[in-house]
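Report on one structure; see the data block that follows.
Positions are given from 1 along the sequence. Whatever order the structure lists ligands and atoms in, that order sets their numbers, starting from 1.
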Amino acid sequence: MTDMTRRGLIAATTAMGAGALMTPAAAAPADQGAATMRDGKGADILGPRNPEREAEEPFTLAPPSTDHGTMPNLKWSFADSHMRLEDGGWARQTTVRELPISKAMAGVNMRLKANVVREMHWHKEAEWAYMLKGVARVTSVDAQGRTFAEDIAEGDLWYFPSGIPHSIQGLENAQADGCEFLLVFDDGAFSEDSTFLISDWLTHTPRDVLAKNFGLPEQTFAALPKTELYIFPGPKPGPLEGDRLGGAGPVPDSFAYRMLKQEPIRLKGGTVRITDSTVFKASKTIAAALVELEPGGLRELHWHPAGDEWQYYIEGQGRMTVFGSESKARTFDYRGGDVGYVPFAMGHYIENTGTTPLRFLEMFRSPTYSDVSLAQWMALTPHALVAAHLRVDTSVIDGLTTTKRLVVPG
Ligand code: MN
Ligand code: MN
């Protein structure tokens, strides 16, 4: 029994008195009506319900009176994404097909147990990754034959430029059996099922051409897999140094970056790490921020002048209202494993509505991170002018800080 139902039963029992006939239908209205009312508006729901789902999104069920108009959907949970189960791992994606507004970026959540391999492949889109748990070994070779191999642990990133081939393998480690990570691609139409796989190509090349290409007898390729491998158990890798093959030297800008090791901007109410191509030089098309908000903390009212924002919630509970001009605004609740999206230039805030830290990632299809702070804009505009818009005394605007705060405490 959920808390909501239990409170409903208690309320109904009290109203009817002892001995009254209790049926589920009679028990429901008192509390459930309240959940779909705000500021005196609304009514109870008479039809079918999904209480677990409703409880996850209280501000969708009963939006604040400041919400208005038709806004696109800006939320998708990976829990609703199709799970592709493979031998020793899985993958699920949140793309423009799941979240239609997300045209600029797409995401994939993937799990590889120890020694399990995501098959050698490449794709048209650039790939940015955040390691959620465990350790993986990633390798790549660029167009100049320069090489890259690194072990990626929790809070580390990798970035593979568009069209550059790579491999990923889960490693035995103290934290987990292999790893789980988030991938972000710089095109919302990306499909994890449409990457260029090495086995798929070789299987679809005439054997005599393969023989000629590699200078080997045709028999060499007799055991090629008949279908793509995609995710499969592989050989246990040796020490990292052994996998750093020479080639034309290492890639000039490492494809890996230790985001959690970056010193955060510490603020009252939380911390922010901004990682873009100014510090992670290889990451030319994806800029990111990792935000941690204390309970009650607020990622201040702001917008981004450089493009759409793709969010991934790592842990905690958060709430965002997005302002879309023309009096349009809509509020969404998020928790770990959810994706949020903010279309270009739309104003928004994110508030920690839980009792534990809220941690989330913001990604942008841009070489550099940028945002405009509403409070800073107001503090640096003639104060009497700003005061006239808000119908407040000029002294109110005088009191605003001119420093961008990013985060404010609860
Ligand atoms: Mn890839
Ligand atoms: Mn933002």
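Side chain to side chain, E315 and T356 fail the donor-acceptor criterion of an N or O pair below 3.5 Å.
Looking only at N/O/S atoms, E127 comes nearest to the Mn ion (ligand 1) through OE1.
Rounded to 10°, the angle formed at the Mn ion (ligand 2) by NE2 of H302 and OE1 of E309 is 170°. Geometry about the Mn ion (ligand 1) gives an angle of 110° between NE2 of H123 and NE2 of H121, rounded in steps of 10 degrees.
For the pair R84 and Y230, the distance from NZ or CZ to the six-membered ring centre is under 6.0 Å and the angle to the ring normal is within 45 degrees.
Counting only heavy atoms from C-beta outward, the side chains of Q262 and Y257 approach each other to under 4.5 Å.
None of E309, E300, R299 except one satisfies the side chain to side chain donor-acceptor pair (under 3.5 Å) rule with H348; the exception is E309.
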